[in-house]
Structure formats: C-alpha cells, structure tokens
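Protein chains get the first letters and strands the later ones, always in sequence-line order, with residue 1 at the start of each. The figures that follow rest on heavy atoms only: side chains count, while hydrogens, waters and symmetry mates do not.
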Amino acid sequence: MSDTAIPSGPRKPPITAVGPIAWAKTNLFSGWLSTAVTLAMGYLLIKLALSFIDWAFVNAIWSVPSNAQGPQTQACRDLRGAGACWAVIGEKHRFMLFGTYPYEQHWRPALACVLFVVLYIISAIRSFWRWELALVWIGMLTAIGILMWGGVFGLSYVPQERWGGLPITLILATFGLAFAFPLSILVALGRRSSLPAIKVLCVLYVELIRGVPLISLLFMASVMFPLFLPEGMNIDKLLRAQIAIILFAGAYLAEVVRGGLQALPKGQYEAADAMGLSYWQKTGLIILPQALRMVIPPLVNTFIGFFKDTSLVLIIGIFDLLTAGKTAIVEPAWQGFGVEVYVFVGAIYLVFCYAMSKYSRGLEADLNRHRRR
Amino acid sequence: MSETTSDPRYKRRPPKRPLRLSWSDERVRGIFWQIVVVAAVGSLIYWLYSNTSHNLAVRRIATGFGFLDREAGLPIAESLISYEPTDTYFRALMVGVLNTLKVAVIGVVLATILGTLIGIARLSKNFLLSRIAGAYIEIIRDLPLLLQLLFWYTILQGLPGPRQALKPMEGVVLSNRGLKLPALIWENAHTAALVVFLLGIIGTWAYGRMARAKQMADGQPRKVWPTALGLMLALPVAVWWGMGAPWEIEYPVLRGFNFRGGINVSPEYFALLIGLVTYTAGFIAEVVRAGIMSVNHGQWEAAQALGLKHGSVLRLIVMPQALRVIIPPMTSNYLNLTKNSSLAVAIGYQDIVSIANTTLNQTGQAIEGIAIIMVVYLTISLSISLFMNWYNARIALVER
C-alpha cells in the first residue's frame with residue numbers, strides 16, 4: 001500500500017550521540033561552566049607546554065666547548081634562563097650517578113644498580129612470593145656488596161667513603177626496608193600482644209618515632225650515636241644513617257602491619273587457637289599470611305615514602321643521589337644551573353616512584369577482584 | 001555486648017586457675033618472656049647510658065640545660081618576636097619554635113584549601129580538568145619533598161635582582177630578595193573593627209543556634225544570613241568608619257639595593273611555604289577525593305528524593321559522611337606537614353631544627369639540642385592529634 005521504503009536493519013544513531021563529538025560534548029563541553037573551564041585549562045596547558053618545549057628543546061644548549069680552564073659555559077649564561085643548559089647533565093651525569101667512585105670503575109656501581117632493579121622486579125612478581133625469595137635477596141645483596149667494595153675476584157678495593165650517587169640511594173632504601181620490615185612485624189605483633197610490658201614498649205617505640213621528624217633521628221645518628229658507643233668503637237656515618245632510617249621505617253611499617261592484623265576477622269585467631277597451634281605456629285601459618293596480603297598496597301605506598309625520604313640524608317652530608325646533584329653545581333663553571341640538575345635527578349626519582357605506585361595500584365585492583373561485582 | 005545481653009551466663013567470668021609453676025602454664029611463660037624482654041631492653045639502655053656518660057666525662061662536656069641562659073650570638077634573619085644576637089639561647093630557640101609554627105599554621109591552611117580544590121577537580125566530570133589534577137597529584141607525590149624545596153629555592157634565587165624585579169601587580173614585587181607585598185598601616189580603628197568582627201562571629205553562631213532551636217519548636221525556617229552579614233560585615237565596617245576610616249597603604253619602594261616598607265616574605269620562607277603547600281596538597285587531594293567517593297550514591301538520590309536543595313544535600317547529607325572518612329588521614333597529613341617543615345634547615349630558613357642545630361654546634365650540647373628538637377615536635381604532634389581526635393569524636397557516627 002505505501003511505497004515508503006522501510007530501511008532494513010537498525011538505523012545509525014545521529015553523529016552527535018556517538019563517537020568523538022559526543023564524547024567531547026559530554027566530557028568537555030557539557031555546560032557553559034564546563035566549556036569555560038575546558039577553554040581556560042586548554043589555553044594554560046598549551047601555553048605551558050609551548051614554553052616548556054622552548055626551554056627544554058628549542059633554545060636548549062646540549063654541549064659546551066671545553067678548554068684548559070675547564071668547560072666554557074658563557075653560551076649557557078647568555079641564554080638568561082630562556083633555554084635549558086643540558087650541557088651540565090652531559091658533563092656531570094657520571095658524577096651525579098656514581099659520585100666520587102673511581103672513574104674507570106664506574107661499571108661496578110652501574111651493575112650494582114642494575115642488580116637492584118632486577119631484585120625489585122623479581123620481588124614484584126607474585127609467583128615468586130615464596131620463602132626462597134629471601135635466599136635470592138641475600139645472594140643479590142652479597143653480590144652487590146662485593147661489587148661495590150671489591151677486594152676479591154680481582155676487583156680493586158674501593159673504600160665506602162668514595163661511594164656516592166644512585167647506589168647510595170638504592171642501598172639506603174633497600175637495606176632499610178630489608179631490615180625494617182621484619183622489625184615492623186615484630187613490633188606490630190608486640191603492640192597487639194596480651195603481655196602488658198611488651199605492649200607498652202612497642203607503643204612507646206612507635207609513638208615516639210612517629211612523633212618526631214626523620215631529620216631529628218638523622219641528626220641523632222650523626223652526632224649522638226658516637227656518644228652511645230664505648231670508646232674506640234666507631235661505626236661509619238652511612239651505617240649510622242642506615243640505622244636511623246631502619247628505626248624510622250620500622251615504626252611506620254609497624255602501623256601498616258597492625259592495620260592488617262586488626263582487619264583480620266577474630267574467627268581466624270580463635271580457629272587457630274582451637275586447632276591447638278602454638279603462638280608462633282598460629283602467627284606464622286594463619287595470621288601473617290592473611291594479614292600481610294591485605295596490607296600490600298599500603299605497604300608499597302609506605303615504601304615509596306621511604307624511597308623519597310632517603311634523600312634527607314643530604315642534610316647530614318651523606319653522598320646520595322640528591323647530594324651528588326647539589327654538589328655538581330657547586331663548581332663555579334656550573335653554578336646557577338640548578339634547575340636542569342634537579343629536573344634530571346627528579347626524573348630518576350620519578351621513574352622509580354611511578355613504577356612502584358603503578359604496581360601498587362595494579363596489585364590493589366588484582367587483590368580486590370573478588371570483592372568487585 | 002555483654003551489657004545488652006541479659007543472659008547471666010555471659011556475665012560469668014571463667015574461674016581463676018591458680019598459677020602453676022610449670023612451663024606448660026601460659027601465664028608463667030608470659031611472665032618469663034616479659035622479664036626477658038624488659039631485662040634486655042633495660043640492659044641495652046643502661047649500656048648506652050653508661051657509654052654516654054663515660055664519653056661525656058672523657059670529652060669534658062657538662063650535661064644539663066644551663067647553656068640556655070648564655071648569650072647566643074647567633075644572628076637570625078626573621079623572627080616574630082624581637083631578637084638580637086646578644087639574647088640568650090632560650091630566646092633564640094623560642095624564635096625557632098615560632099618560625100616553625102608560622103610556616104606550619106599557614107601551610108596547613110593553604111594546603112587544605114589547595115588540596116580540597118584539586119581533590120574536587122580530580123572528581124570533575126570535565127575530562128581535561130580531572131586529568132590535569134590527576135597528573136599534578138601523581139607527579140608531586142612521586143618526587144622527594146627535599147628535591148622540590150631545593151628546586152623552588154633555586155628558582156627564587158634565579159629571579160632578577162631588586163632593580164629588575166618582576167612586578168605582576170601594583171605594589172607586589174618579586175625579586176631574588178623575596179616577595180614584597182603592600183602593607184596596611186595598622187591603626188586603632190583596625191583593631192577595633194577586628195574585635196567587632198570576632199564578636200560578630202560569636203554572635204552569628206549564637207543566633208544560628210537560637211534560630212535552629214526555634215525552628216525545631218515551631219517548624220518555621222529562619223534566615224540566618226541577613227543577621228550574619230550585619231554582624232560580621234556591616235558592624236565592623238561601621239565601627240571602622242566611625243573611627244575615621246583610616247586607609248593608608250605602604251608600598252615597597254626601592255632604596256639602594258633592596259626594597260623598604262611593606263610586608264617582606266623572605267625567599268627561604270617563600271620557597272619552604274610553596275614547597276610544603278604544593279606537596280601536601282597532592283596528598284590532601286587524594287584524601288578529599290577518597291572521602292567524597294566513599295559516600296554512597298544512594299545517599300545523594302535519597303536526599304534529592306526528600307526534596308532537599310543541592311546545597312543542603314551537600315551540607316547536611318554528603319559532607320558529614322565524607323568528613324568521617326576524611327578527618328583521620330587529614331590529621332596525619334597535617335602532622336606530616338609540620339614534621340616536614342623541619343626540612344627548612346636545607347634551604348636556610350631558621351626554624352627550630354636549624355637553630356637547635358646551630359646551638360648544638362656552638363655549645364657541643366648534642367644530647368640537649370636533639371632532645372629540644374624532639375620535645376618541640378612531640379608537643380606539636382600531640383596537640384594536633386588531640387585536637388583532631390576531639391573533632392573526630394564530635395563528628396563520628398553515633399552508634400548503639
């Protein structure tokens with residue numbers, strides 16, 4: 001009867017309802033306020049990006065000539081901040097990364113850093129979370145110690161005073177966590193203990209450490225520890241700072257672990273008791289495996305905090321990555337190029353911390369999968 | 001639980017067993033291990049103490065806080081109370097404590113404002129805004145604070161000198177000598193207006209309570225804002241006007257090599273404040289975001305179904321629930337900011353750590369110096385904790 005053709009199949013939605021236009025309409029221009037914000041933000045973003053590209057690439061100087069008096073940085077100074085002087089990185093990056101370690105031996109700290117990264121990656125893979133992992137840690141850390149000190153296998157001996165840069169940062173962070181983590185578990189268990197004396201000691205330790213800044217502990221390590229030891233006995237500055245970091249990290253990690261212990265349903269404790277397990281059997285076989293699994297994401301976040309906090313050793317004069325960066329620009333020729341150096345050092349910290357935080361978020365999503373509908 | 005159950009069996013305690021002197025008795029083992037641990041810790045402390053006292057005797061260092069009364073002789077660039085290098089160490093340390101509080105209090109206020117804005121921006125439906133906020137949070141949180149402080153300080157020092165200073169606005173001058181702001185010349189009229197304003201706040205609060213009590217009685221809502229406006233704005237302005245309306249502003253002017261007049265924000269303080277505020281704001285933003293997201297969507301819908309306005313939904317339904325989640329982590333962020341202000345020593349702002357450190361180097365009183373730092377921070381931390389715990393208890397969910 002009618003000859004209007006009925007279109008076959010479903011009709012396509014209008015172009016304003018699907019695809020990039022619809023996306024932009026809902027996410028960028030949904031109202032006058034949203035449009036104004038998008039335009040303002042877009043303008044600022046483009047302006048900032050352009051000036052950053054100008055500074056970092058277009059106007060930047062990548063290398064400077066050098067003569068008998070050292071590098072000639074006049075070209076960089078003539079820029080007056082209009083462009084970055086990446087020449088300082090080219091000239092000083094070995095110093096910033098490895099400090100005063102003998103120049104021709106730089107492959108050793110470099111290899112040590114690679115070993116650290118390999119160790120982190122192995123520890124991050126969940127199928128490796130077995131007790132054998134502890135052996136891998138011990139083996140790797142020994143290998144790193146041999147590499148850094150030398151004195152055996154034909155490696156020349158390098159005293160600890162000459163170490164510096166990235167390896168120091170990684171050593172402080174890794175050894176700090178390796179010792180602080182077991183300590184924190186003991187303290188967290190102690191704080192939940194029914195024995196009053198042990199509980200009081202653990203509470204005092206945690207609250208005192210958490211109430212004061214890390215700097216005061218580092219000052220304590222640098223000026224008070226020598227007074228604590230018997231005459232003639234002396235431990236070097238790096239080790240003292242390491243002890244301060246372990247004590248500090250232990251208190252914060254203990255609170256995270258305690259969160260896990262408290263979140264575990266009471267039935268688990270009671271069931272373990274009903275099975276007739278001893279305290280350590282109960283803790284090692286039932287409680288800790290579940291409690292620690294629950295707090296892995298906050299633990300990783302605390303690790304990120306520590307990794308950043310190791311930079312505070314700058315204040316007591318230990319040669320870590322940030323101190324090396326700060327020292328690199330003390331030389332008159334390179335004075336005033338702090339921004340470039342801090343961008344470089346910051347990029348290294350950013351890579352490590354971003355990797356950890358990305359990992360932590362992935363893990364959190366993974367571990368919470370059963371809770372999602 | 002036992003209070004609500006009337007079953008007498010729950011109230012009965014298990015009978016007390018006599019203590020058996022045997023290893024199989026749990027309580028005997030408990031007492032034994034406690035004695036072992038306390039003895040170990042005690043002997044460690046005794047060992048450290050005896051070493052220390054021996055070392056101090058060998059080095060002829062007298063312990064005690066007697067040095068606090070001696071002349072300090074250390075110059076301090078900025079202080080809230082009057083200070084001369086001829087004053088005592090005690091006064092120098094007081095200046096340090098006040099400088100720490102100055103940066104901590106202003107830092108907490110600014111970081112809360114900035115962090116809340118960024119946290120809300122992160123939740124915005126606008127894609128660009130939420131991504132920019134997200135990138136900010138990620139980058140700021142992944143860089144060490146000390147690095148950021150050094151970075152800001154370097155940038156401030158790289159600014160042009162006073163003669164070529166940047167002048168973004170009339171009276172605002174930014175140079176490598178710091179930030180100069182115009183200052184209002186303070187007179188009695190201003191003090192009076194401020195007092196009236198504070199009284200106005202109290203009056204508004206009292207009126208608000210009364211209005212609510214009346215609404216509870218007769219169901220009629222009463223407008224509070226006209227009274228609030230009158231008490232907090234009109235009345236102070238009237239007082240100020242009545243006392244002659246003094247309004248004289250002192251602008252910073254270039255004299256010789258530096259600016260005179262106006263408010264002076266030193267580059268050290270400015271760098272520390274920018275660094276602390278931007279860093280802590282990144283953490284606060286995440287706290288605020290998590291708090292707002294923790295409120296169930298059904299709460300919004302239920303409140304709207306009751307016919308509440310958008311503002312009322314936010315104020316009466318959503319915020320009270322979000323605050324419960326926000327307050328505890330916010331407290332630890334405030335504490336962190338206060339403790340992080342100790343990094344001032346790296347860029348030369350003279351806070352308590354910096355001054356105590358100088359004192360310690362000048363007098364050799366290491367133990368006392370560090371004890372002072374720790375006591376000051378413990379006091380500040382405990383005060384913030386107590387206040388926030390009180391506030392938290394006030395807004396906490398009242399359960400059965």
Separation of [Y] [atom2] from [X] [atom1] (nearest 0.5 Å):
X	Y	atom1	atom2	answer
A/K308	B/L143	NZ	CG	8.0 Å
A/L229	B/H54	CG	NE2	12.5 Å
A/F225	B/N51	CZ	CG	13.0 Å
B/T154	A/I329	OG1	CD1	6.0 Å
B/I132	A/L45	CD1	CG	4.5 Å
A/E207	B/L378	CD	CG	10.0 Å

In the structure I gave you, are the side-chain heavy atoms of [X] and [Y] within less than 4.5 Å of one another anywhere?
X	Y	answer
A/M224	B/I367	yes
A/T38	B/L129	no
A/I215	B/I373	no
A/S311	B/L147	no
B/M374	A/P213	no

Heavy-atom donor-acceptor pair, B/K339 side chain to A/R210 backbone, under 3.5 Å
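Yes, the answer is positive, given that a donor and an acceptor are paired below the 3.5 Å cut-off.
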Could you check whether any side-chain N or O of B/K125 sits under 3.5 Å from a backbone N or O of A/L28, counting only pairs where one atom can act as donor and the other as acceptor?
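The answer is no, because no donor-acceptor pair under 3.5 Å joins these two groups.
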Would B/W47 and A/F228 count as a close aromatic pair, with their ring centres under 6.0 Å?
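Centroid separation for B/W47 and A/F228: 6.0 Å or greater.
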At their closest point, which heavy atom of [X] faces which heavy atom of [Y], and how far apart are they?
X	Y	result
A/L195	B/G30	CD2-CA, 3.7 Å
A/P226	B/N55	O-ND2, 3.7 Å
B/A366	A/V223	CB-CG2, 4.0 Å

Quick check on the interface: out of B/Y153, B/Y49, B/W33, B/Y377, who has the most heavy-atom pairs with chain A under 4.5 Å?
B/Y377
Looking at chain A, which one of B/L150, B/V37, B/I35, B/V38 has the largest number of heavy-atom pairs inside 4.5 Å, strictly under?
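Most heavy-atom pairs under 4.5 Å with chain A: B/L150.
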Shorter than 4.5 Å, heavy atoms on both sides: which option in A/T26, A/V343, A/I304, A/L312 has the most such pairs with chain B?
A/L312
Between A/F352, A/Y349, A/Y342, the one whose heavy-atom pairs under 4.5 Å with chain B are most numerous
A/Y342
Side chain, backbone, both or neither: which part of [X] has a non-hydrogen atom closer than 4.5 Å to chain A?
X	answer
B/N357	side chain
B/I370	side chain
B/V376	neither
B/L343	both

What I want to find out is whether A/K358 reaches B/E138 closely enough, with some N-O distance under 4.0 Å, to be called a salt bridge.
no
Contacting moiety of [X], where chain B heavy atoms sit under 4.5 Å:
X	value
A/L322	side chain
A/S34	both
A/I315	side chain
A/L208	both

Applying side-chain contact (heavy atoms from CB on, under 4.5 Å) to B/V353 and A/S216, what does each step give before you reach the verdict?
CA-CA 8 Å; B/V353 174; A/S216 63; over 6 Å; no
Taking everything shown except A/K199 itself, do over 12 heavy atoms lie less than 6.0 Å from its NZ?
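No, not enclosed.
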